Novice: 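Here it is: the structure, laid out below.
Not measured: the values here are computed from a predicted model. Note: hydrogens, waters and symmetry copies are ignored here, and every other heavy atom, side chains too, is used. Start at 1 and go down the list; that is how both ligands and their atoms are numbered.
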Amino acid sequence: MKVDGTHYRSLWWDADKDALQIIDQRWLPHEFRTQSVETLQGFADAIIQMRVRGAPLIGATAAYGMALAMRLDPSDVHIAHAWEFLHNTRPTAINLRWALNRCQAALLPLDLADRAGAALTLAHHIADEDVEINRQIGLNGLKLIQDIAAKKPSGEPVRILTHCNAGWIATVDWGTATSPMYHAQNAGIALHIWVDETRPRNQGALTSWELGSHGIAHTYITDNAGGHLMQHGHVDMVITGTDRTTRRGDVCNKIGTYLKALAAHDNGVPFYVALPSPTIDWTVSDGVADIPIEDRGAREITHIVGRNDAGEITEVQVTPDGTPGGNPAFDVTPNRLVTGLITERGICDASEAGLSAMFPDLAG
Ligand code: MRU
C-alpha cells in the first residue's frame with residue numbers, strides 16, 4: 001500500500017544491500033522508519049520487540065530469518081537451531097510455526113550447497129503468497145460489505161468496527177481485516193470504520209494511520225466503546241483478524257476481541273473474522289484450553305508511549321509507582337460467537353465442518 005505516494009510492502013528484499021528491509025513499527029504512527037535486518041539475533045529481536053508484528057508478517061519475517069540462517073550455516077543442526085531460536089520469539093501467532101515448518105520441510109531434502117538459495121526463494125514465495133491470500137480475502141469480504149451497502153440509502157456509509165491492527169502492515173500487504181475495506185473503498189462504497197484503540201500497545205493507532213493514508217473515514221474509539229455503539233445501532237458489522245484459529249473455528253486474536261464478539265452477539269451484529277489459511281492450527285480444537293497466550297509484561301500496562309507537543313516520542317507512567325500490571329496479549333473467541341470466517345477461498349462457518357469443507361487438502 002502507499003505511504004506518501006510510494007508503494008511499500010511491510011517487508012521487502014533490497015538487492016543492493018543484500019538484506020531484508022522492514023518498517024520499524026514501534027515508531028508508527030508518528031514516524032515512518034525502515035531498517036535492514038542482517039543477523040539471526042536481529043530477526044528474533046524484530047519479532048520480540050514488535051518492530052514487525054501481526055501474525056502473517058511474523059511468519060514471513062521468520063522465513064527470511066531462516067534464509068539468513070542458511071547463508072551462515074546450511075547444516076541440519078543449524079536448521080534446527082534457527083527453527084527453535086525464531087520460534088521462541090512469540091508464542092501465540094501460529095504463522096510463525098507454519099512458516100518455519102514449511103522452510104524446514106523444503107530445505108532438509110536439499111544438498112547443503114543449494115539450501116541458502118532455495119531458502120531465499122521460498123521466503124520470497126511466502127511473502128508473495130501472503131499478498132495474494134489477503135487480496136482474495138478482500139474480494140470475498142467485499143461481497144459482505146456490498147450486501148450491507150445495498151440495503152442502505154445511497155451514500156450512507158457501511159459502519160465496520162475493527163480491533164487491533166489486522167492491516168497491511170500486519171501482513172506483507174493488503175491486511176486481512178482491512179483488505180475488504182480497501183477493496184470496498186476502491187469500489188466506491190462509502191465506509192466508516194470504528195477503530196478500537198487496542199490498549200496496551202494501541203495498535204488501533206496503526207489502523208487509523210493506515211485508513212487515514214487511504215482516505216477511509218474512521219473514528220478512533222476506546223476499547224470499551226464498542227458495546228455502547230452496537231446497542232445504539234451504529235455498527236453494521238465487525239471484522240477482526242486472527243493470530244490462530246483452531247480446526248473447529250475458535251479464534252485467538254488481540255486481547256479484547258472476545259468482549260467485542262460477546263457484545264456483537266448480544267446486539268445481533270454480524271461478527272466476521274478474516275482468516276488466511278496459514279493462520280489455521282489444525283492440531284488444536286479447543287482454543288481456550290490449548291492456545292498459549294503471550295504475556296507481555298506489566299510495563300506495557302503501567303506505561304504508555306506517545307508523542308508530546310514538542311514532537312518527541314516518549315513514554316509516560318500512568319499508574320502509581322509499584323502498581324502490578326497484568327498483560328495477557330490475546331484472548332479466544334469461541335466459534336459460537338463468530339458469524340463467519342472470511343478466507344482466501346470464500347466465507348465459511350466457524351466450525352470443523354466449515355473449515356474442512358473449505359480446506360479439504362489442509363484439514364488432514
Ligand atoms: O500483538 P500483535 O500486534 O502482533 O497482534 C496482532 C493481532 O492481533 C492481529 O489482529 C492479528 O495478528 C491479525 S493480523 C492480520
Novice: Do the side chains of Arg345 and Asp361 get close enough for a salt bridge, i.e. N-O under 4.0 angstrom?
Specialist: yes
Novice: Quick one: does ligand 1 sit under 4.0 Å from the side chain of Met50, the backbone, both or neither, non-hydrogen atoms only?
Specialist: side chain
Novice: Could you check atom 5 (O) of ligand 1 against the protein and tell me its nearest heavy-atom contact, residue, atom and distance included?
Specialist: Lys254 CE, 3.4 Å
Novice: Should you measure from each heavy atom of Ala170, which atoms of ligand 1 turn up under 4.0 Å away?
Specialist: 14 (S), 15 (C)
Novice: Using a 3.5 Å cut-off on N or O atoms only, is Thr171 in polar contact with ligand 1?
Specialist: no
Novice: Just need the protein heavy atom nearest to atom 9 (C) of ligand 1, so name the residue and atom and give the distance.
Specialist: Asn253 OD1, 3.5 Å
Novice: For the backbone of Ile169 and the side chain of Gln25, can you confirm whether one donor and one acceptor N or O come within less than 3.5 Å of each other?
Specialist: yes
Novice: Regarding ligand 1, does Gly167 bring an N or O atom to under 3.5 Å of one of the ligand's N or O atoms?
Specialist: no
Novice: Hey, is the main chain of Thr319 close enough, under 3.5 Å, to the side chain of Gln317 for a donor-acceptor pair?
Specialist: yes
Novice: Please state which option from Pro56, Ala329, Cys164 has its nearest heavy atom closest to atom 6 (C) of ligand 1.
Specialist: Cys164
Novice: Yes or no on side-chain contact (heavy atoms from CB on, under 4.5 Å) for His78 and Leu72, after CA distance, side-chain angles and deciding distance?
Specialist: CA-CA 9 Å; His78 201 234; Leu72 300 172; 4.2 Å; yes
Novice: For atom 8 (O) of ligand 1, what is the closest protein heavy atom, and at what distance to 0.1 Å?
Specialist: Asp243 OD1, 2.7 Å
Novice: Who's the nearest protein heavy-atom neighbour of atom 3 (O) of ligand 1, and how far?
Specialist: Arg53 NE, 2.5 Å
Novice: Does any N or O in the side chain of Thr198 come within less than 3.5 Å of the main-chain N or O of Asn202, such that one atom is a donor and the other an acceptor?
Specialist: no
Novice: Among protein heavy atoms, which sits nearest to atom 15 (C) of ligand 1, and what does the distance come to when rounded to 0.1 Å?
Specialist: Thr176 OG1, 3.1 Å
Novice: What is the minimum heavy-atom distance between Gly256 and Asp331, and which atoms define it?
Specialist: N-OD2, 2.7 Å
Novice: Classify the contact between Arg90 and ligand 1 as side chain, backbone, both or neither, using a heavy-atom distance cut-off of under 4.0 Å.
Specialist: side chain
Novice: Mark yes or no: Lys260 above the aromatic ring of Phe271, with NZ or CZ under 6.0 Å from the six-membered ring centre and no more than 45 degrees from the axis.
Specialist: no
Novice: Heavy atom under 4.0 Å from ligand 1: found in Thr279's side chain, backbone, both, or neither?
Specialist: neither
Novice: In ligand 1, which numbered atoms sit nearer than 4.0 Å to a non-hydrogen atom of Gln203?
Specialist: 1 (O), 2 (P), 3 (O)
Novice: Should the proximity of Asn165 to ligand 1, defined as any heavy atom under 4.0 Å, be assigned to the side chain, the backbone, both, or neither?
Specialist: backbone
Novice: Has His183 got a side-chain atom pairing as donor or acceptor with Leu142's backbone, closer than 3.5 angstrom?
Specialist: no
Novice: Kindly confirm or rule out a cation-pi arrangement of Arg33 over Trp27, judged by NZ or CZ under 6.0 Å from the six-membered ring centre and within 45° of its axis?
Specialist: yes
